[in-house]
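Below is one structure. I have some questions about it.
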Amino acid sequence: MDVPSGQPAAVPTPEPGDPRLARLSLNQATVKYWNLTQAVDGCLRAGLPAIGTWREPVAEMGLAKAAALLRRAGLRVSSHCRGGFLTGPDRAAALEDNRRAVDEAAELGAPCLVMVVGGMPDGERDLVGIRERVADGIAELAPYALERGVQLALEPLHPMFCADRAVLSTLGQALDLAERFDAAAVGVVVDAYHVWWDPQVWEQIARAGAGGRIASFQACDWELPIPADALLGRGMVGDGHADVRALRRAVDAAGYDGDIEVEIFNERIWSADGDDVIATLARRHVQHVL
């Protein structure tokens, strides 16, 4: 898993305390089969200073216990995943669930709640109208998030996910929506996997930075062939086609100085030893992101 074909030899694994790890965050999705305690312990062993939490493992432990664990460990929470899915028929239930997610993020000390806004309900074809439904939902949630000190982080997903997961497909679309609201309440996620292909991404990153709206930067790579379940096609940085270093430079130049979160959905990586996965992503961070 460490050295992709045709690539230079891997750099040595950074030791805990290495300043090159200062912004590196493990998104829990990358070690899917670890519970929260295991993920926290893995970060501490490797010297990672931050973790991106997911709602399901937090709920499994209990919110208060999870928040206490993270405080004791001294880890920053780079983001909380995920809210959104605002396009379905039960609007009231979706809004209530998102308010709970905002509360969780606030309790955990996460600066932002990642929002995967939702796809197209069965039988619906009015994409413009569905996007406005998302906007209406964000309008309901933004004041609550602002009150709780949590930024709603709209994540545009690659267009192949438009029908089932996110009707926001480009960073420009996400910003068009975010800019209707206070920047402290609504920002955007720059996820390398989802935006690397976009010819407008550089201008849109600059636009997001100028408005103070880059809530999160997520690093992973676009691998081929695309698997049967396209969601599981993410790879370690350096294994695919995305220029993650250029994207990192762009968000830095735009004023983003927050954590760099590694978020990977890939059965091969999920099945590997978690400590080996963290060691590999730390090496790739130094070699291909910094």
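All figures in this text were calculated on a predicted structure; none of them were measured in a lab.
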Output, in order, the C-alpha distance, side-chain angles, deciding distance and verdict of salt bridge (Lys or Arg N to Asp or Glu O under 4.0 Å) for Glu147 and Arg99. CA-CA 11 Å; Glu147 179 183 288; Arg99 292 187 187 98; over 6 Å; no
Following the transitive rule for hydrophobic clusters with a side-chain heavy-atom cut-off under 4.5 Å over Ile, Leu, Val, Met, Phe, Trp and Tyr, establish whether Leu152 and Val167 coincide in one cluster.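 Yes; Val167 is reachable from Leu152 via cluster members.
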Atom CG of residue position Asp126 - does it have more than 12 heavy atoms of other residues, nucleotides or ligands inside 6.0 Å? yes
Whether Asp221 and Arg234 form a salt bridge (side-chain N of Lys/Arg under 4.0 Å from carboxylate O of Asp/Glu) is what I want to check.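 No, no charged N to carboxylate O under 4.0 Å.
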Could you check whether any side-chain N or O of Thr30 sits under 3.5 Å from a backbone N or O of Val262, counting only pairs where one atom can act as donor and the other as acceptor? yes
Using the rule that two of Ile, Leu, Val, Met, Phe, Trp, Tyr join whenever any of their side-chain heavy atoms come within less than 4.5 Å, decide whether Val134 and Leu154 are in one cluster. yes
Where Ala174 and Leu168 come nearest, the two heavy atoms and their spacing: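 The answer is CA-CD1, 4.2 Å.
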Short question: side chain of Arg133, backbone of Leu86 - any donor-acceptor pair under 3.5 Å? no
For Leu290, is there any backbone N or O sitting under 3.5 Å from a side-chain donor or acceptor partner on Arg245?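 Answer holds: yes.
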Check whether the side chains of Arg283 and Thr13 place a donor and an acceptor atom closer than 3.5 Å, and report yes or no.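 Indeed, the side chains of Arg283 and Thr13 share at least one donor-acceptor pair under 3.5 Å.
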Closest non-hydrogen atom pair, Leu44 against Ala73: CD2-O, 3.6 Å
Evaluate Tyr144 against Asp103 for side chain to side chain contact (heavy atoms under 4.5 Å, CB included), listing each step before the verdict. CA-CA 9 Å; Tyr144 188 79; Asp103 290 341; 2.6 Å; yes
Would Arg82 and Glu155 pass as an ion pair if we require N to O under 4.0 Å? no
Polar side-chain atom of Arg148 near backbone of Ala106 as donor-acceptor pair, under 3.5 Å: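 Not a single qualifying donor-acceptor pair exists.
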How long is the straight-line distance from CZ of Arg248 back to CG of Asp243, given to the nearest 0.5 Å?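 It is 10.5 Å, given to the nearest 0.5 Å.
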Same apolar cluster: Val114 and Val195, side chain cutoff 4.5 Å: no
When you measure from the side chain of Thr87 to the backbone of Gly119, do you find a donor-acceptor pair of N or O atoms at a distance under 3.5 Å?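 At least one qualifying donor-acceptor pair exists.
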Hey, mind stepping through Asp176 and Arg207 against salt bridge (Lys or Arg N to Asp or Glu O under 4.0 Å) and telling me if it holds? CA-CA 11 Å; Asp176 288 345; Arg207 173 187 171 192; 2.7 Å; yes
When you measure from the side chain of Asp259 to the backbone N and O of Ser25, does any donor-acceptor pair fall under 3.5 Å?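 Judged by distance alone, no pair lies under 3.5 Å.
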Starting from the C-alpha separation in whole Å, work towards a yes-or-no answer on side chain to side chain contact (heavy atoms under 4.5 Å, CB included) for Thr170 and Gln204. CA-CA 9 Å; Thr170 67; Gln204 298 303 328; over 6 Å; no
Val117 versus Leu157: any side-chain heavy-atom pair under 4.5 Å? no
Distance-minimising heavy-atom pair for Leu36 and Ala66: CD2-CB, 3.5 Å
Criterion side-chain contact (heavy atoms from CB on, under 4.5 Å) against Ile205, the qualifying member of Leu247, Leu175, Asp252: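 Passing option: Leu247.
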Intermediate values then yes/no, salt bridge (Lys or Arg N to Asp or Glu O under 4.0 Å), Arg268 and Glu223: CA-CA 12 Å; Arg268 183 184 75 254; Glu223 286 191 343; 3.3 Å; yes
Is there a side-chain contact between Trp34 and Asp275 in this structure, where contact means two heavy atoms from C-beta onward sitting under 4.5 Å apart?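 In short, these two side chains touch, coming nearer than 4.5 Å.
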Under the rule for side chain to side chain contact (heavy atoms under 4.5 Å, CB included), what residues qualify as partners of Ser169, not counting sequence neighbours?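 Only Arg131, Pro159, Cys162, Gln173 meet the side chain to side chain contact (heavy atoms under 4.5 Å, CB included) criterion with Ser169.
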Locate the shortest heavy-atom distance separating Asn35 from Glu60; write the atom from each residue and the value.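 Heavy atoms of Asn35 and Glu60 come nearest at CB-OE2, 4.3 Å.
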List the steps, then state whether side chain to side chain contact (heavy atoms under 4.5 Å, CB included) holds for Met115 with Ile138. CA-CA 10 Å; Met115 301 289 287; Ile138 297 300; 3.9 Å; yes
Distance (rounded to the nearest 0.5 Å) between Asp18 CG and Leu24 CG: 10.5 Å
Are a donor atom and an acceptor atom from the side chains of Asn27 and Trp54 found within less than 3.5 Å of each other?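 Short answer, yes.
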Contact between Pro16 and Leu21 at the side-chain level, heavy atoms closer than 4.5 Å - yes or no? no
Are side-chain heavy atoms of Thr53 and Leu70 found at a separation under 4.5 Å?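 Thr53 vs Leu70: side chains touch.
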Result for side-chain contact (heavy atoms from CB on, under 4.5 Å) between Cys81 and one of Glu263, Gln28, Arg55 points to Glu263
Please give me the minimum heavy-atom distance between Ala105 and Cys112, naming the atom from each residue.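 That would be CB-O, 4.5 Å.
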Do Met61 and Val31 belong together in a cluster built from hydrophobic side chains that touch within less than 4.5 Å?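 Not linked; separate clusters.
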With side chains defined as the heavy atoms from C-beta onward, is the minimum distance between His285 and Ile260 less than 4.5 Å? yes
Any ion pair linking Asp182 and Arg213 (charged N to carboxylate O, less than 4.0 Å)? no
Mind checking whether Tyr33 and Trp270 have parallel, tilted or perpendicular rings, split at 30° and 60°? perpendicular
Check the side chains of Glu261 and Ser78 for a donor-acceptor pair under 3.5 angstrom, ignoring hydrogens and angles. yes
Does this structure show an ion pair linking Glu267 with Lys32, if we count only N-O contacts that are shorter than 4.0 Å?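 No salt bridge links Glu267 with Lys32.
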Does the side chain of Leu177 reach to within under 4.5 Å of the side chain of Arg180, using non-hydrogen atoms?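 The answer is yes, as the side chains (C-beta and beyond) meet within the 4.5 Å cut-off.
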Which heavy atom of Cys220 sits nearest to which heavy atom of Val244, and what is that distance?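 For Cys220 versus Val244, the nearest heavy atoms are O-CG2, 3.4 Å.
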Taking atom CD1 of Ile264 and atom CG of Leu281, what is their separation to the nearest 0.5 Å? 6.5 Å
Between Tyr193 (side chain only) and Trp196 (backbone N and O only), is there a donor and an acceptor less than 3.5 Å apart?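 Such a contact is absent between Tyr193 side chain and Trp196 backbone.
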Distance check, rounded to the nearest 0.5 Å: Asp90 atom CG versus Glu96 atom CD?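 These two atoms lie 11.0 Å from each other.
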Side-chain ion pair, Glu107 and Lys65, N-O less than 4.0 Å: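 Salt bridge flag = no for Lys65 with Glu107.
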Take Cys43 and Arg45, measure what side chain to side chain contact (heavy atoms under 4.5 Å, CB included) needs, and give me the verdict at the end. CA-CA 6 Å; Cys43 287; Arg45 285 192 295 271; over 6 Å; no
For the side chain of Asp239 and the backbone of Gly235, is there at least one donor-acceptor N/O pair under 3.5 Å apart? no
Side chains of Phe217 and Arg23: does their closest heavy-atom pair fall under 4.5 Å?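 Not in contact.
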Quick check: is Val189 connected to Leu113 through a chain of hydrophobic side chains (ILVMFWY, heavy atoms under 4.5 Å apart)? no
Under 6.0 Å from the CG atom of Asp122, do we count more than 12 heavy atoms belonging to anything else shown?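 Atom CG in Asp122 is not crowded, with 12 or fewer foreign heavy atoms closer than 6.0 Å.
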What distance do Phe265 atom CZ and Leu231 atom CG have between them, rounded to the nearest 0.5 Å?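 Taking CZ in Phe265 and CG in Leu231, the distance rounds to 5.5 Å.
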So does His194 get a backbone contact from the side chain of Trp197, meaning a donor-acceptor N/O pair under 3.5 Å?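 A pair under 3.5 Å: yes.
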Would you check if the distance from the ring center of Trp222 to the ring center of His158 is below 6.0 Å? yes
Determine whether Asn98 and Val102 make a side-chain contact, defined as any pair of heavy atoms from C-beta on separated by less than 4.5 Å.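 Not touching, per the 4.5 Å side-chain cut-off.
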